[in-house]
Amino acid sequence: MAEKIIQYFPDSNLYKFNRTDISQIWNSHRFIIFIMATGIAVRSIAPFIKDKKNDPAVLSIDEEGKYIIPIIGGHLKGANELAKTLAKFLNSTPFITTASDLNNLPALDLWIKRCSLKVKNPEILSKIMSKLIENKNLMLFMENSVQIPLLNCFQLTENISEADIVITNKISKGDKLILVPTNLFIGIGLHEWITEEKIERGIKEALNRNGFEFKAVQAIATIDKKSTYPALLSFCKKYGLKLYSYTSEELNSITTVSHSDIVYKSVGVSSVSEQACLLASQGKLIIAKQILKDMTVAVAEGIFSVRGKLYIVGTGPGNLNSITPQAVKALRNSELIMGYKTYIGHIKSLIEDKQVLAYSMTDEVKRAKKAINEALNGKIVSLISGGDPGVYGMAGIILEIVAKNNVELEIEIIPGISALNACSAISGAPIMNDFAVLSLSDRLTPWNVIEKRIDKSAEADFVIVLYNPKSTARQDHLTRAKEIILKYRTNTTPVAIVRGATRDEQSIVLTTLEKMDEHSVDMQTTVIIGNSKSFIYKNWLITPRGYEAKYEREYKLGSSSMG
């Protein structure tokens with residue numbers, strides 16, 4: 001069972017159970033899976049459990065893989081999600097016992113983590129979660145400067161007193177769950193001899209006096225001449241704050257509220273603190289320059305948004321056993337799955353608990369634009385592409401649109417097993433030497449261009465792989481391709497016709513170039529045409545690489561079992 005799981009998670013380590021080993025692996029692994037009775041697992045981990053922020057996710061699975069139980073780390077550490085993912089592959093039943101899951105409600109702690117919000121009063125979280133389970137919705141107050149994806153259970157309110165959850169960078173108290181967005185930028189001007197303690201005290205005093213949370217600070221900004229001061233560097237490191245530094249020319253591109261002749265004569269700008277925080281935040285000034293001992297402080301507020309991400313996922317030829325672990329991880333990590341409805345169907349069991357948008361075959365541009373816009377709005381999106389997304393897939397159109405519109409977006413392309421690879425493996429070794437891959441669909445490429453490419457590929461003696469050989473509207477293209485190739489190859493050139501590679505309906509026909517258009521083919525079929533050296537042996541189509549000519553003697557076997 002462990003070896004089966006490792007097939008899907010190849011970076012895993014396998015340990016033979018020993019109670020003393022648990023102390024060594026407890027803090028070095030994100031997930032620990034016990035393949036044994038849950039009682040043994042519970043007793044083994046009990047001495048090491050501290051809190052849900054630091055403990056790893058722990059699951060137990062019976063030896064036959066029938067049941068998967070998340071023990072700790074259900075939401076925050078991903079034990080529930082891992083249990084669901086494993087269940088898809090092992091055909092198991094996951095036992096999820098967290099209240100939100102049982103009531104089909106979102107997990108607040110996961111949403112908070114996803115949005116990178118800071119919890120001011122975590123002791124309130126369980127109370128608010130209980131209210132959500134009881135009422136099925138929560139009242140939410142959110143500052144206008146916050147732009148994040150919201151859960152369906154939220155009802156927005158402008159009256160902070162009736163809110164259950166308050167998202168604000170201002171100092172707030174009460175029995176509400178206070179979530180703090182990090183969208184404050186501190187501009188600072190300072191003398192070289194200032195201490196770290198004075199910097200911290202000055203910034204906190206300025207924020208507190210004006211009613212803003214120190215937790216909301218994202219970054220410090222100053223002029224480049226001041227950015228290397230040890231006290232400032234140490235302060236930023238202490239709180240994990242970004243430090244932006246700007247030249248006087250960059251700062252002077254910003255109009256300020258305040259102006260100091262002394263500062264202008266010294267460093268050539270009107271107000272270091274105001275100009276720096278405005279430039280870093282690209283927002284508005286909310287605290288004008290505060291003059292403190294040995295420093296000046298100003299504060300600007302930027303827009304707080306959640307960065308989305310777009311995965312372009314190759315789902316392989318259509319069998320879950322042929323999908324890569326990297327693709328599984330991307331799909332399970334996504335909030336929205338999009339793609340051609342047939343390819344969605346191939347992975348239905350893997351994504352049935354996700355939001356899914358399915359499209360028809362000719363909607364490539366429509367779904368590409370939708371995927372980009374959803375990711376730009378903060379969602380984690382997987383746009384699936386059958387086979388490999390870079391082989392007649394969705395990767396090209398996404399990148400074209402992004403480049404055309406100069407879009408800044410995190411994109412990750414997840415490779416998949418293409419029909420080319422799957423059909424080659426099923427039929428033998430047909431592409432062991434140079435080959436060309438062509439699509440006979442003229443929906444996007446003119447037919448005269450396709451004919452020219454077929455002709456040149458055949459003349460050059462490439463093995464030729466044909467995608468999209470025939471459709472309802474294109475009945476004669478495969479025959480025309482045969483006629484072109486026959487100018488350069490014999491009638492008996494071997495051909496493999498593979499339909500539905502790796503799926504339940506998979507079929508393969510080994511035939512000849514002369515007869516290849518006499519067989520049933522469609523858009524789910526790939527045709528592989530051998531070169532002048534290709535041959536058929538029993539049920540295999542083989543294209544020699546050239547080893548025999550170079551290593552003829554080594555090719556001979558002397559076994560008595562040959563035959």
Side-chain angles (χ1 to χ4, degrees), residues 5 7-9 31 59 65 68 70 74-75 78-96 98 100-102 104-107 110-111 114 149 151-152 308-361 363-364 366-368 370-375 377-389 393-395 398 410-418 500 502-504 524:
I5 292 171
Q7 291 178 14
Y8 302 110
F9 301 93
F31 298 95
L59 304 89
I68 305 174
H75 283 156
N80 290 356
E81 182 61 31
L82 179 59
K84 293 175 185 177
T85 301
L86 280 171
K88 307 295 183 185
F89 290 113
L90 302 178
N91 195 27
S92 308
T93 300
F95 281 98
I96 311 299
T98 44
S100 58
D101 293 275
L102 294 175
N104 293 316
L105 292 169
L110 289 184
W111 174 76
R114 163 79 177 92
L151 300 175
N152 293 332
K309 181 171 183 177
L310 176 56
Y311 293 103
I312 311 172
V313 183
T315 54
N319 184 313
L320 277 184
N321 289 329
S322 299
I323 193 170
T324 67
Q326 188 182 11
V328 172
K329 184 177 180 181
L331 291 168
R332 298 304 304 167
N333 189 46
S334 297
E335 298 158 333
L336 172 63
I337 313 292
M338 300 174 59
Y340 173 41
K341 58 186 178 182
T342 297
Y343 299 148
I344 289 284
H346 292 160
I347 59 169
K348 184 179 179 181
S349 64
L350 193 60
I351 58 172
E352 57 191 359
D353 57 338
K354 301 288 185 179
Q355 181 187 358
V356 176
L357 294 178
Y359 291 80
S360 61
M361 180 178 286
D363 285 336
E364 293 93 345
K366 182 178 179 181
R367 65 178 180 259
K370 177 70 172 175
I372 291 169
N373 285 327
E374 290 288 345
N377 289 331
K379 282 192 176 180
I380 300 176
V381 180
S382 273
L383 178 61
I384 69 169
S385 191
D388 182 276
M394 293 300 297
I398 288 289
E410 185 179 0
I411 297 173
E412 184 175 349
I413 301 171
I414 310 294
I417 298 173
S418 70
T502 77
R503 304 173 203 164
D504 292 339
Q524 307 303 316

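Everything numeric in this text was worked out from a predicted model, so none of it was measured.
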**Full working for side chain to side chain contact (heavy atoms under 4.5 Å, CB included) between Tyr311 and Ile380** = CA-CA 8 Å; Tyr311 293 103; Ile380 300 176; 3.7 Å; yes

**Test log, rule side chain to side chain contact (heavy atoms under 4.5 Å, CB included), inputs Ile323 and Leu331** = CA-CA 11 Å; Ile323 193 170; Leu331 291 168; 3.9 Å; yes

**Message:** Set out, in order, the CA-CA distance, both residues' side-chain angles and the distance that settles side chain to side chain contact (heavy atoms under 4.5 Å, CB included) for Phe9 and Leu86, then state yes or no.
**Reply:** CA-CA 10 Å; Phe9 301 93; Leu86 280 171; 3.6 Å; yes

**Message:** For Ile384 and Ile351: C-alpha separation, side-chain torsions, deciding distance, then whether side chain to side chain contact (heavy atoms under 4.5 Å, CB included) applies.
**Reply:** CA-CA 11 Å; Ile384 69 169; Ile351 58 172; 5.8 Å; no

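Leu320 and Ser349 get closest at one heavy-atom pair: CD1-OG, 3.2 Å. Listed here is the closest heavy atom pair of Pro317 and Thr502: CG-OG1, 3.4 Å. Between Val313 and Ala327, the shortest heavy-atom distance links the atoms CG1-CB, 3.6 Å. Ala358 and Ile344 make their closest contact through CB-CG1, 4.3 Å (heavy atoms, listed as atom of the first residue, atom of the second, distance). Closest approach of Asn377 and Pro149 over heavy atoms only: O-CD, 4.3 Å. Gln326 and Pro415 make their closest contact through OE1-CD, 3.8 Å (heavy atoms, listed as atom of the first residue, atom of the second, distance).
The structure places CD1 of Ile68 at 11.5 Å from CG of Asn80, a figure rounded to the nearest 0.5 Å. For the atom pair CZ of Arg332 and CG of Leu82, the computed distance is 10.0 Å after rounding to the nearest 0.5 Å. Expressed to the nearest 0.5 Å, how far CG of Leu350 lies from OG1 of Thr315 amounts to 10.0 Å. The NZ atom of Lys370 sits 4.0 Å away from the CD atom of Glu374 when rounded to the nearest 0.5 Å. Residue Leu310 holds its CG atom at 8.0 Å from OG of Ser382, rounded to the nearest 0.5 Å. Between atom CE of residue Met338 and atom NZ of residue Lys354 there is a gap of 15.5 Å, rounded to the nearest 0.5 Å.
Between Ile5 and Leu90, some side-chain heavy-atom pair lies under the 4.5 Å cut-off. By the 4.5 Å heavy-atom criterion applied to side chains, Pro389 and Ile414 are not counted as neighbours. Side chains of Arg367 and Leu357 form no contact here, defined as non-hydrogen atoms less than 4.5 Å apart.
Checked by atom type, the side-chain pair Asn319/Ser322 shows no donor-acceptor distance below 3.5 Å.
Shown here is Lys366, whose NZ atom has no more than 12 heavy atoms of other residues, nucleotides or ligands within 6.0 Å.
For the salt bridge (Lys or Arg N to Asp or Glu O under 4.0 Å) with Glu335, the lone residue among Lys309, Lys379, Arg114 that qualifies is Arg114.
The aromatic rings of Tyr340 and Tyr343 lie perpendicular to each other, with more than 60° between the two planes, well past the 30° mark.
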